[in-house]
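What you see is a predicted model, and the numbers here were worked out from it, not measured in a lab.
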Amino acid sequence: MNHPLLIAVDGPAASGKGTIARALAAHFGLPHMDTGMLYRSVALALLRWGGDPASEFEAVRACKAGLVPPNDPELRSEIVGEVASRISGFSAVRAALLGRQGDFAGQESGAVLDGRDTGTVIAPHANAKLFVTASVEIRARRRFDELVACGKSVHFEEVLIDIRARDERDSTRADAPLVMAEDAMLLDTGKLSVDGSIAAAIALVDARLA
Ligand code: C5P
């Protein structure tokens, strides 16, 4: 193929970007990378080894550990998400993970990447960029429902505070903050079902490629 299809899906926590990115990959027959899993993997390696999430030096050391297998259930835990958000503010951590993401984006087959800087830093040349979002209350409600469904005992207010803190940290960091790329298409999933969000995403990409 002369022009491989590259799709970048950005957006804040619990916006539905992962589900949408996986569905786009299946629809267009492309490989998919969840870039947040790289940061989560580093965070989990750091926690298991007893490293300090406030130390850039130790976080960079954790980048050198092999990736945690993607089916490890701890990768999706709230504490790992929290530490991933903290260490992702370190430029040296971002730099250590850049090559792997750039290689994935550069595959001849094309690709779908999701994560907070994929449309702005990792794949600014993507053919189609989506910025998937929803109000913070709706995103917190989704995360709360997920946690309850997993049998966790949580309070909605705590989940809301965590999501707000994650948004604030991801949006205000100096290196690769969460921002909508100028040429990204906004998809608000707040009032959409999962199937409706996926259909809307496919329609937006089709329209961009037309
Ligand atoms: O998307 P997910 O919640 O799995 O990502 C965990 C954390 O990793 C995010 O809060 C964000 O701080 C960081 N991240 C990032 N850049 C990406 C993907 C994730 O900084 N491309």
* Start with the C-alpha gap between Phe90 and Val60, add the side-chain angles, then the distance that decides, and say whether side-chain contact (heavy atoms from CB on, under 4.5 Å) holds. => CA-CA 9 Å; Phe90 294 136; Val60 170; 5.9 Å; no
* To do: Mind listing the closest non-hydrogen atom pair of Val154 and Phe144 along with its distance?
  => O-CE1, 3.4 Å
* How far apart are the closest heavy atoms of Leu192 and Ala200, and which atoms are they? -> CD1-CB, 4.3 Å
* Would a hydrophobic clustering, with Ile, Leu, Val, Met, Phe, Trp and Tyr connected at side-chain separations under 4.5 Å, put Val179 with Leu98? -> no
* Nearest heavy-atom neighbours spanning Ile163 and Ala13 -> CD1-CB, 4.3 Å
* To do: Please round to the nearest 0.5 Å and tell me the distance separating atom CD1 of Ile20 and atom CD1 of Ile198.
  => 7.0 Å
* Asked: Okay, side chain of Asp117, backbone of Ala176: is any donor-acceptor separation there less than 3.5 Å?
  -> no
* Structure fact -> Pro177 and Ser171 have their tightest heavy-atom pair at CB-O, 3.4 Å
* Structure fact -> Shortest non-hydrogen pair, Asp52 vs Ala54, comes out as OD1-N, 2.8 Å
* Structure fact -> In this structure, CG of Asp34 is separated from OG of Ser41 (nearest 0.5 Å) by 11.0 Å
* Donor-acceptor contact present, side-chain Thr118 to main-chain Ala123, <3.5 Å -> no
* Steps toward side-chain contact (heavy atoms from CB on, under 4.5 Å) verdict (Val132, Asp114) -> CA-CA 10 Å; Val132 181; Asp114 81 78; over 6 Å; no
* To do: With side-chain contact (heavy atoms from CB on, under 4.5 Å) as the test, would you mind laying out the steps for Val205 and His27 before giving the verdict?
  => CA-CA 11 Å; Val205 173; His27 179 81; over 6 Å; no
* **Arg40 (side chain) donor-acceptor with Leu75 (main chain) under 3.5 angstrom** => yes
* With sequence neighbours excluded, tell me which residues meet salt bridge (Lys or Arg N to Asp or Glu O under 4.0 Å) with Glu58. => none
* Is the number of heavy atoms from other residues, nucleotides or ligands within 6.0 Å of CZ (Arg169) greater than 12? -> yes
* What distance separates Thr189 OG1 from Ile138 CD1, expressed to the nearest 0.5 Å? -> 7.5 Å
* To do: Kindly write out the residues that satisfy salt bridge (Lys or Arg N to Asp or Glu O under 4.0 Å) with Arg143, not counting sequence neighbours, or none if the list is empty.
  => Glu78, Glu146
* In terms of hydrophobic clusters joined by side-chain contacts under 4.5 Å, are Leu147 and Ile79 together? -> no
* Asked: How long is the gap from CG on Leu6 to CG on Leu30, to the nearest 0.5 Å?
  -> 8.5 Å
* Asked: Name the one of Asp10, Leu24, Leu186 that satisfies side-chain contact (heavy atoms from CB on, under 4.5 Å) with Leu130?
  -> Leu24
* Using modelled atom types only, decide if a donor and an acceptor are shared between the side chain of Arg208 and the backbone of Asn127 within a distance under 3.5 Å. => no
* Under 3.5 Å, side chain of Arg173 to main-chain N/O of Gly89, donor-acceptor pair present? -> no
* To do: Group every Ile, Leu, Val, Met, Phe, Trp and Tyr by side-chain heavy-atom contacts under 4.5 Å, then state whether Val121 and Val9 land in the same group.
  => no
* What distance separates Arg166 CZ from Arg86 CZ, expressed to the nearest 0.5 Å? -> 12.0 Å
* Under a 4.5 Å cut-off applied to non-hydrogen side-chain atoms, are Phe156 and Val148 in contact? -> no
* To do: Taking all heavy atoms of Ile87 and all of Tyr39, pick out the closest pair and write down the distance.
  => CD1-O, 3.8 Å
* Asked: Are Leu5 and Val112 co-members of a hydrophobic cluster defined by side-chain heavy atoms under 4.5 Å apart?
  -> yes
* Asked: At what distance, to the nearest 0.5 angstrom, does NE2 of His155 lie from CG of Leu160?
  -> 14.0 Å
* Asked: Does one hydrophobic cluster hold both Leu187 and Val194, with members joined at side-chain heavy-atom distances below 4.5 Å?
  -> yes
* Are any non-hydrogen side-chain atoms of Met180 and Met185 less than 4.5 angstrom apart? -> no
* Check the pair Phe104 / Thr35 against side-chain contact (heavy atoms from CB on, under 4.5 Å), numbers first and verdict last. => CA-CA 10 Å; Phe104 196 89; Thr35 63; over 6 Å; no
* Under 4.5 Å between any side-chain heavy atoms of Leu178 and Pro12, yes or no? -> yes
* **Ion pair check, Arg164 and Glu137, cut-off under 4.0 Å** => yes
* Asked: Can any side-chain N or O of Arg94 pair as donor or acceptor with the backbone N or O of Ser88 at less than 3.5 Å?
  -> yes
* Ignoring hydrogens and angles, tell me if any N or O in the side chain of Arg139 forms a donor-acceptor pair with the backbone of Ser15 under 3.5 Å. => no
